[in-house]
Amino acid sequence: MAPPTGGIVIESVPPEVSSLRAFWSAFRENRGALLGLIVVAFIAFLALFAPFVAPHSPIEQFRQHVQQPPIWAGGSWAFPFGTDAVGRDVLSRLIYGARISLGIGLSVMVVSVTLGIVLGLASAFLRGVVESVVMRVMDLVVAIPSLVLAILIVAVLGPSLVNTIIAVTVVYLPRYVRLVRAAAIAELSKEYVVAARVAGVGKLRLMFVTVLPNCLAPLIVQAALGISDAILEAAALGFLGLGAQPPTPEWGAMLADSREFIRSAPWIVTLPGLAILVTVVAINLMGDGLRDALDPKLRRS
């Protein structure tokens with residue numbers, strides 16, 4: 001093709017790619033993360049529409065079908081995953097259990113991130129006594145093993161689903177406080193923060209509007225991975241009898257109720273364990289993909 005008159009070659013400028021499209025392009029390069037996203041979306045779909053997807057009520061007992069094996073072991077399609085020791089449908093309990101386990105993970109993540117942002121930014125901006133008190137309290141929480149501290153909190157408050165969320169939130173709060181504080185301190189020395197201060201921007205606006213958006217990338221990754229940690233911690237408390245109480249179909253409590261049947265009816269204990277395993281692995285894979293997509297240094301070539 002001949003150049004235009006005058007010998008001037010006009011080069012076309014490619015259209016600018018939106019940040020969301022660039023993020024999705026980087027995220028889907030990681031096949032493991034994409035698979036994890038699909039699995040998490042499927043589990044979330046089951047949790048949201050549990051009343052319509054589950055074939056039976058999670059607490060309904062079919063006394064004539066106690067410990068019926070799953071379909072692949074000679075059972076019937078009425079109970080594809082078999083029944084437990086009192087005749088409840090295992091599949092229905094797993095589906096409703098997804099609602100509880102994901103609910104715990106999301107609740108812990110939202111509360112922990114919110115408190116972590118407030119305490120972390122306060123420590124980074126106010127410094128002095130505020131920083132010392134907040135960080136020493138966080139150090140004290142970290143010094144105690146997470147499960148031991150969660151058991152202690154639940155033992156004081158009493159075993160219940162709400163108290164499980166409170167206990168796990170306290171256990172995982174320090175990681176968010178420390179992360180936000182470190183990221184905010186790193187941002188405070190940059191020129192745009194100095195310019196905002198010179199322009200007379202108020203402290204609250206400087207904290208939550210100017211600095212916080214630049215601290216979100218590592219926080220989002222940590223929050224995604226924190227959901228799986230919260231699910232595991234809640235399952236551990238449920239297994240010990242300190243979490244959701246019967247007949248609530250929580251995966252950890254289902255494991256605790258069925259451990260005595262590990263030889264006679266192994267599907268009762270195996271399936272809740274597999275549900276926890278698949279969910280946690282899928283969330284971790286998705287978190288790895290978020291990390292790679294949000295941090296250009298970690299993007300794969």
Side-chain angles (χ1 to χ4, degrees), residues 32 34-106 147 159-161 164 168 227-286:
L34 197 58
L35 177 61
L37 177 62
I38 294 173
V39 173
V40 171
F42 176 71
I43 296 173
F45 172 82
L46 293 179
L48 286 173
F49 298 98
F52 307 100
V53 177
H56 304 283
S57 168
I59 60 175
E60 184 178 0
Q61 299 180 6
F62 300 90
R63 293 293 186 177
Q64 67 276 22
H65 298 286
V66 172
Q67 290 188 17
Q68 180 173 307
I71 189 67
W72 58 84
S76 66
W77 284 104
F79 306 100
F81 283 10
T83 58
D84 62 9
V86 294
R88 294 172 297 194
D89 180 42
V90 174
L91 176 60
S92 299
R93 290 181 64 78
L94 288 175
I95 293 174
Y96 276 89
R99 169 178 286 191
I100 294 173
S101 293
L102 287 181
I104 291 174
L106 290 173
L147 184 57
S160 71
L161 195 57
T164 297
V168 179
I227 295 176
S228 63
D229 293 336
I231 291 174
L232 281 176
E233 201 77 27
L237 291 175
F239 183 79
L240 295 174
L242 298 174
Q245 299 300 298
T248 305
E250 194 269 328
W251 289 341
M254 291 173 64
L255 282 173
D257 293 340
S258 57
R259 56 189 170 185
E260 60 184 294
F261 305 105
I262 191 169
R263 292 183 179 273
S264 59
W267 65 88
I268 305 178
V269 66
T270 302
L271 292 174
L274 284 176
I276 296 173
L277 174 65
V278 170
T279 303
V280 169
V281 170
I283 293 175
N284 286 339
L285 288 174
M286 189 178 68

Could you give the distance from [atom1] ([X]) to [atom2] ([Y]), rounded to the nearest 0.5 Å?
X: Glu250; Y: Asp257; atom1: CD; atom2: CG; value: 10.0 Å
X: Ile95; Y: His56; atom1: CD1; atom2: NE2; value: 10.5 Å
X: Arg88; Y: Gln61; atom1: CZ; atom2: CD; value: 6.0 Å
X: Met254; Y: Leu271; atom1: CE; atom2: CG; value: 8.0 Å
X: Asp84; Y: Gln68; atom1: CG; atom2: CD; value: 11.5 Å
X: Thr83; Y: Gln64; atom1: OG1; atom2: CD; value: 9.5 Å

If you look at every heavy atom in [X] and [Y], which pair is closest and at what distance?
X: Val66; Y: Val86; answer: CG2-C, 4.1 Å
X: Ala265; Y: Gln67; answer: CB-OE1, 4.0 Å
X: Leu48; Y: Arg99; answer: O-NH2, 3.1 Å
X: Ile231; Y: Ser101; answer: CG1-O, 3.5 Å
X: Ala230; Y: Gly105; answer: CB-CA, 3.9 Å
X: Leu102; Y: Ala47; answer: CD1-CB, 4.2 Å

Is it the case that over 12 heavy atoms from other parts of the model lie below 6.0 angstrom from the [atom1] atom of [X]?
X: Leu274; atom1: CG; result: yes
X: Trp77; atom1: CH2; result: no
X: Ile71; atom1: CD1; result: yes

### Task
Just jot down the side chain to side chain contact (heavy atoms under 4.5 Å, CB included) partners of Phe239, sequence neighbours excluded, or say none.
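Side chain to side chain contact (heavy atoms under 4.5 Å, CB included) list for Phe239, sorted by chain: Leu255, Ala256, Arg259.
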Within the 4.5 Å heavy-atom criterion, are [X] and [Y] side-chain neighbours or not?
X: Leu161; Y: Ile104; answer: yes
X: Glu60; Y: Pro247; answer: no
X: Trp251; Y: Thr279; answer: yes
X: Val39; Y: Val281; answer: no
X: Trp72; Y: Pro80; answer: no

Sequence-distant partners of Ser92, side-chain hydrogen bond (donor to acceptor under 3.5 Å, both in side chains), two or more places apart: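 Scan of Ser92 (side-chain hydrogen bond (donor to acceptor under 3.5 Å, both in side chains), adjacent residues dropped) gives Asp89.
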* side-chain hydrogen bond (donor to acceptor under 3.5 Å, both in side chains) partners of Ser228, counting only residues at least two apart ->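 Result, side-chain hydrogen bond (donor to acceptor under 3.5 Å, both in side chains) vs Ser228: Asn284.
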*asked:* Quick one: does any side-chain atom of Thr270 pair with a main-chain N or O of Pro266 as donor and acceptor, under 3.5 Å?
replied: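 Confirmed, Thr270 side chain pairs with Pro266 backbone.
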Assess the residue pair Leu237 and Leu147 against the criterion (side chain to side chain contact (heavy atoms under 4.5 Å, CB included)); give the C-alpha distance rounded to whole Å, side-chain angles, the decisive distance to 0.1 Å, and a yes or no.
CA-CA 8 Å; Leu237 291 175; Leu147 184 57; 4.3 Å; yes
Pair Trp267-Phe261, side chain to side chain contact (heavy atoms under 4.5 Å, CB included): steps then yes or no | CA-CA 9 Å; Trp267 65 88; Phe261 305 105; over 6 Å; no
query: Going by the angle between their ring planes, with limits at 30° and 60°, are Phe79 and His65 parallel, tilted or perpendicular?
result: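 Ring orientation of Phe79 relative to His65: tilted.
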